[in-house]
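One structure below.
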Amino acid sequence: MTSATAPLLKLSGVSKSFGPVTAVAPLDLDVAAGDFCAILGPSGCGKSTLLRMIAGFIEPSAGKIAIAGQDVTRLGPEKRPTNMVFQSYGLFPHLTVAENVAFGLALQKRPRAEIAERTQEALRLVRLETFGERSIDRLSGGQQQRVALARALIMRPKVLLLDEPLAALDLKLRHQMQEELRRIHQEIGGTFIFVTHDQSEAFALANLVAVMNEGKVEQIGSPDRIYLHPATLFVADFVGETTILAGERRKGRVRLKAGLEFDSKGADGPVRVVVRPERVEVRFGGIPAVVTDAVFFGSSLKVSLKLPSGEMLILRSSDANAGEHFRPGANVNVGWDAKDQQVIDAP
Amino acid sequence: MTRHFNLFMVPALAVLAFVFAIPILLLFAVSFWSVKNFRLQPDFSFAAWQRFLTVYGDLTLYTLLVGLLVGLLCTALGFVFAYAARFKAGRFGDLLLVATLITLFGGYLVKIYAWKSILGADGLLNQALMWLGLTDEPLAFLIYSRGAVVVALVHFLLPFAILPIYASLRNVSEATIEAARDLGASGAQVITRIVIPQTLPGLFSAFAFCFLLAAGDYVTPMLLGGTSGSMLGQFVLLEFSTNFNWPAGSALSFGLLFACLVLIAALAALGGRMMRRPAGAVS
Ligand SMILES: Nc1ncnc2c1ncn2[C@@H]1O[C@H](COP(=O)(O)OP(=O)(O)OP(=O)(O)O)[C@@H](O)[C@H]1O
Ligand SMILES: [Mg+2]
C-alpha cells in the first residue's frame, strides 16, 4: 500500500529500550491517510510499546515520528493529533456516558451547542444515542468499548490508535465490533492503527499489516501479500495455516528433501519453502504422498499428508467430493504452482 | 432471614446502648441541670447553654477555625504526599506509606515536646536564627502561640489524612489518567478533573477526621498555645474539674460537637453536589 503522496504517519528508525531490554528494535513504518493498519504479533513482542510511542506516552530511545509532515517525536500525548482507545478503556467512572464522550471538547472550551451536537453525533456513530445519561458502571463490556471509541472519535484525530480494542470481548461480540469498526472507518474515512495478536482480526480489518516478533518488524504489507508471500519463517508460521518444507540451494537450484526441484536465485545454503494449504492440489506426476488424516470443516476439507521425506504437508480442498479421494492410507500425488510458494533462506 | 438478622443484632445493640448511647444521653441531660452549693441537681435550665453562647461564643468560633485550618492543611498536604506515593514513587509507594504509619507510633506527647524543643526560647529554630544573625535575641512568639498549635496539630494528624486519601487514590486507574492526557488535559487538569473527583470520598474522610480531632483537642493548646492559642477543649476540662460546673462542661462539649457536625454536614452536602456535577462536566 504505497501511495504517491507523502505518508500521514511516518516512523523513521524508531526504537525503544527499557534498560537492557529492547522492546522495539529500530523500525520504519509509513501509514497513508485512510489506511487501516494492524500491528500484529504475539504477546510481549512490543506492539503496545510501539503504539504508545505513536500516541506520545513513551518517548522513543531513538528515531523520529512525524504526523502530517510535523515532527511530533518530543510532544506529549495532549499535544498530538492522535487519540487512543485503551485496552482497559480508561473510562472516567465519575462522569456519565455523554460527559465521558464530551471530555476532550470540554477541555477545548468549545461552545456548548457544538459540544452537545458533536457528542450526539459520536454517540450515534457507535449506536449509543439513548445512553448519554447513563453512568459508566451501568454499561456492558461492549457498550463501554463503544464509549471509549466515541470519546476518541469525537476529537477527529488524524490518527486513531487502538490497543487490542476487542481483546476483552467474547467471540460473538468481537465479530460484531469488528463489523462496527469497519463501518465506522468507512463512514468517517479516518486513519486507524490497531494492535492485535489475533491474525484473523488483523486480516478482517486492515489493509496494511505490520507483523512484529521480539521487538522487530518482520514484514509490512497488505494482508494477501503477507499471507501468500511471508518474508520470514516467523511470519509464515504465525500467520495462518502453513506447511514449511526443508531444502537446499546449490548454484541457483533448490532441491527439497521431499523430492521437488526448481530454480531459485539466491545464496547457496539451506532454505525453507512455504506453501499455503489451499494452494496444494492433487496433480499428476506430483510428489507422492500418503493421506494420514482428513477432517471435514463444512466449507472445506483439511487433509494431512505424509511426504517421502517424512515431512507433513497440509492440503485444504473446498471440492464437495474431495472426501472420496482422501481416505486415510490412500496414495495421492500432490503439487502446487511455483508462484504460490515462497522460498526463504533458513537461518 | 431478616428476622434472624434482627435477633442477632439485639445483643450488639444493647451493648452499644449501654456503653455509648445512654452515657451520652445522660451527659446531654446534665447540660440542662443546675449546680447549687457544689451539688449537681436535676433541673430544666438553659443557664449552661447561655453560658456557652455568651462566654464561650468567640472561643468556639476560634476553635472551629483552628479545626478547619488544620483539617484543610492536613487534607492538602496529605493529598500531595499520597499522590506522590501513589503515582510518582513507583514501587516505593507502599514503603512511604509504612513510614507514615510508623510516625503514628511516635506518640502524641513526644511530638508536642519535639515541637517545644524546636520552637522554644532556646530551641533549634531560635538558635539557628541567631546563628544566622537574623535576630539578636530569641523570638518569643514562636512557641506559645496559635501558629505553634496549628503546626503541631498538622504534624500529628497528617498520617490520619494520608491513609484514607492513599486508599482512594489506589482505586484511580492509570488508564483514566492516560486517557485524559490523550484527550488534551494538562497536568493540572488531570488532577482537578480526573484525580480529585475520583478521590472525593477519601479527601472528605481525611478532612472530617483531622477537623474533628483538631477541634476537640486540649492537650496541644495547653502545652504549646500559651494564652493566645487556647481552645475550647481546655475549658471543657476546666468547667468539669476546677469549676465543678458539670452543666457548663456538658453544654460546651455538646455545643462544640453540634457545631462540628453542622459544619461537616454542610461540607458533605457541598461534596455531594460536586460529585453529581463535577468540574469538566457538560450537560
Ligand atoms: N515500562 C517498562 N519497563 C520495562 N520493560 C517494559 C516496559 N514496558 C514494556 N516492557 C517490556 O517490553 C516488551 C514489550 O512489551 P509490550 O507491552 O509492548 O508488549 P505487547 O506486544 O503489547 O504484549 P501484549 O500483547 O502482551 O500486550 C516486553 O518484554 C515488556 O516486558
Ligand atoms: Mg500490549
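We name chains A, B, ... by the order of the sequence lines, and we start the count at 1 in each one.
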*asked:* Show the nearest heavy-atom pair for residues B:Ala185 and A:Phe103, with the distance to one decimal.
replied: CB-CE2, 4.4 Å
_Counting only heavy atoms not in A:Phe18 (residues, nucleotides, ligands), do more than 12 fall under 6.0 Å from its CZ?_
yes
*Inspect the surroundings of CZ in B:Arg170 and state if more than 12 heavy atoms from other residues, nucleotides or ligands are less than 6.0 Å away.*
no
*Which bit of A:Arg110 comes within less than 4.5 Å of chain B, counting heavy atoms only: side chain, backbone, both or neither?*
neither
*asked:* Are there over 12 heavy-atom neighbours, none belonging to B:Tyr62, within less than 6.0 Å of that residue's OH?
replied: yes
_A:Lys158 atom NZ, neighbour heavy-atom count above 12 within 6.0 Å_ = no
*Does B:Leu183 reach the side chain of A:Glu78, with side-chain heavy atoms less than 4.5 Å apart?*
no
*asked:* Please determine whether side chain to side chain contact (heavy atoms under 4.5 Å, CB included) holds for the pair B:Thr176 and A:Leu91, giving the CA-CA distance in whole Å, both sets of side-chain angles, and the decisive distance to 0.1 Å.
replied: CA-CA 6 Å; B:Thr176 62; A:Leu91 297 177; over 6 Å; no
*Just how far is it from atom CZ of B:Arg193 to atom CZ of A:Phe92, taken to the nearest 0.5 Å?*
10.5 Å
*Kindly check if the number of other-residue, nucleotide or ligand heavy atoms within 6.0 Å of CG (A:Asp137) is above 12?*
yes
*Is the number of heavy atoms from other residues, nucleotides or ligands under 6.0 Å of B:Phe18 CZ greater than 12?*
no
_Closer than 3.5 angstrom, by distance alone: can the side chain of A:His94 be matched with the main-chain N or O of B:Ile196 as a donor-acceptor pair?_
no
*asked:* Which atoms of A:Met155 are under 4.5 Å from chain B, going by heavy atoms: the side chain, the backbone, both sets, or neither?
replied: side chain
*Output the option from B:Glu178, B:Gln189, B:Gln198 having the highest count of non-hydrogen pairs under 4.5 Å with chain A.*
B:Glu178
_Heavy-atom side-chain proximity of A:Arg80 to B:Asp182 below 4.5 angstrom_ = no
*Counting only heavy atoms not in A:Phe57, do more than 12 fall under 6.0 Å of its CZ?*
yes
*Can you name the closest pair of heavy atoms from A:Gly90 and B:Ala179 and give their distance?*
O-CB, 3.7 Å
*Out of curiosity, B:Ser173 OG to A:Phe86 CZ, how far, rounded to the nearest 0.5 Å?*
9.5 Å
*Picking from B:Ile194, B:Ile177, B:Val172, which has the most non-hydrogen pairs under 4.5 angstrom with chain A?*
B:Ile194
